[in-house]
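Taking it in order: structure first as structure tokens, then the write-up.
One-based numbering, in listed order, for ligands and for the atoms of each.
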Amino acid sequence: MNVMLLGAPGAGKGTQAAKIIEAYGLPHISTGDILRKAVADQTQLGLEAKRYMDAGELVPDEVVIGLVKERLSQPDTDEGFVLDGFPRTVVQADALGDVLTELSKELTAVISVDVDSQALIDRLTARRTCRMCGAIFNVIAQPEVASGVCPTCGGELFQRDDDTVETVTNRLNVYERSTAPLIDYYADKGVLRHVDGNRDVADVWVSVDAALKG
Ligand code: AMP
């Protein structure tokens, strides 16, 4: 099963990707995670990507396309994968189509997680991530995480550098301009399924799972 999650920053793609991975045992390909690791490791890629990420801008297409090409050619993706945060532009979507054709693969489902824009701002600025296990929390919905300790593994929770109000606003504008057109792009290909993401994680998951089975 080759799945792609589409949706604005804060729509819950990462959270639902974790659910899909747990249920179906597929590898998670998150370009945001790959780039954040490169930044943390201070690689050449990380140094280049950081200024775009801190400003809420997209990293250049050729850089992320190269990363995804390499990742999709690894054997653990043979049984399927979950793409999260890629593609984000029509150029990236076209490149993905070419790579999948080369690998004789195709997308099984593109799931658009739809969330109202005010809710996105609230969610992003309240988001906390565990440095150790990667779990994602919301400090408003789960006030206990304000302590900075991960309830799952005891690791340290942090706020992403790009989850500040200013950067979030820019990321949402970039999404509307560059990524939202992919909804029509994949609808035209007949693989798009919409899920209402304005609900509890568990309820959204029921719909995502139904969309994957449908
Ligand atoms: P995310 O974790 O998916 O919200 O990504 C965080 C940041 O990484 C984005 O705001 C971009 O700066 C960069 N990024 C992640 N994926 C892509 C992509 N497919 N194309 C360009 N930039 C990306």
What I want to know is whether [X] and ligand 1 share at least one N or O pair that is separated by under 3.5 angstrom.
| X | answer |
| --- | --- |
| R36 | yes |
| G85 | yes |
| V59 | yes |

> Is the backbone N or O of G134 less than 3.5 Å from a side-chain atom of T129, with the two atoms forming a donor-acceptor pair by type?
Replying inline: no
> Going through the checks in order, is the side chain to side chain donor-acceptor pair (under 3.5 Å) test met by Y52 and D162?
Replying inline: CA-CA 10 Å; Y52 295 100; D162 58 352; over 6 Å; no
> So which bit of K50 gets within less than 4.0 Å of ligand 1, heavy atoms only: side chain, backbone, both or neither?
Replying inline: neither
> Between E166 and N170, does a side chain to side chain donor-acceptor pair (under 3.5 Å) hold up when you go through it step by step?
Replying inline: CA-CA 7 Å; E166 301 74 33; N170 196 34; over 6 Å; no
I need the nearest protein heavy-atom contact for [atom]: residue, atom name and distance, please.
| atom | result |
| --- | --- |
| atom 20 (N) of ligand 1 | Q92 NE2, 2.9 Å |
| atom 8 (O) of ligand 1 | M53 CE, 3.5 Å |
| atom 13 (C) of ligand 1 | L35 CD1, 3.6 Å |
| atom 16 (N) of ligand 1 | T31 OG1, 2.8 Å |
| atom 10 (O) of ligand 1 | R171 NE, 4.0 Å |
| atom 12 (O) of ligand 1 | E57 O, 2.6 Å |
| atom 15 (C) of ligand 1 | R88 NH1, 3.3 Å |

> Is Q142 atom CD crowded by more than 12 heavy atoms from other residues, nucleotides or ligands, each under 6.0 Å away?
Replying inline: yes
> Hey, is K37 close enough to D41 for a salt bridge, meaning N to O under 4.0 Å?
Replying inline: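 Looking at D41 together with K37, the answer is yes, because their closest N to O distance falls below 4.0 Å.
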> Hey, are D163 and R171 close enough for a salt bridge, meaning a charged N less than 4.0 Å from a carboxylate O?
Replying inline: yes
> Quick one: is the NZ or CZ of R128 closer than 6.0 Å to the six-membered ring centre of F137, and within 45° of its axis?
Replying inline: no
>> For the residue pair K189 and Y185, would you count it as a cation-pi contact if the rule is NZ or CZ under 6.0 angstrom from the ring centre and within 45 degrees of the ring axis?
In response: yes
>> Which of the numbered atoms in ligand 1 are under 4.0 angstrom from any heavy atom belonging to D162?
In response: 6 (C)
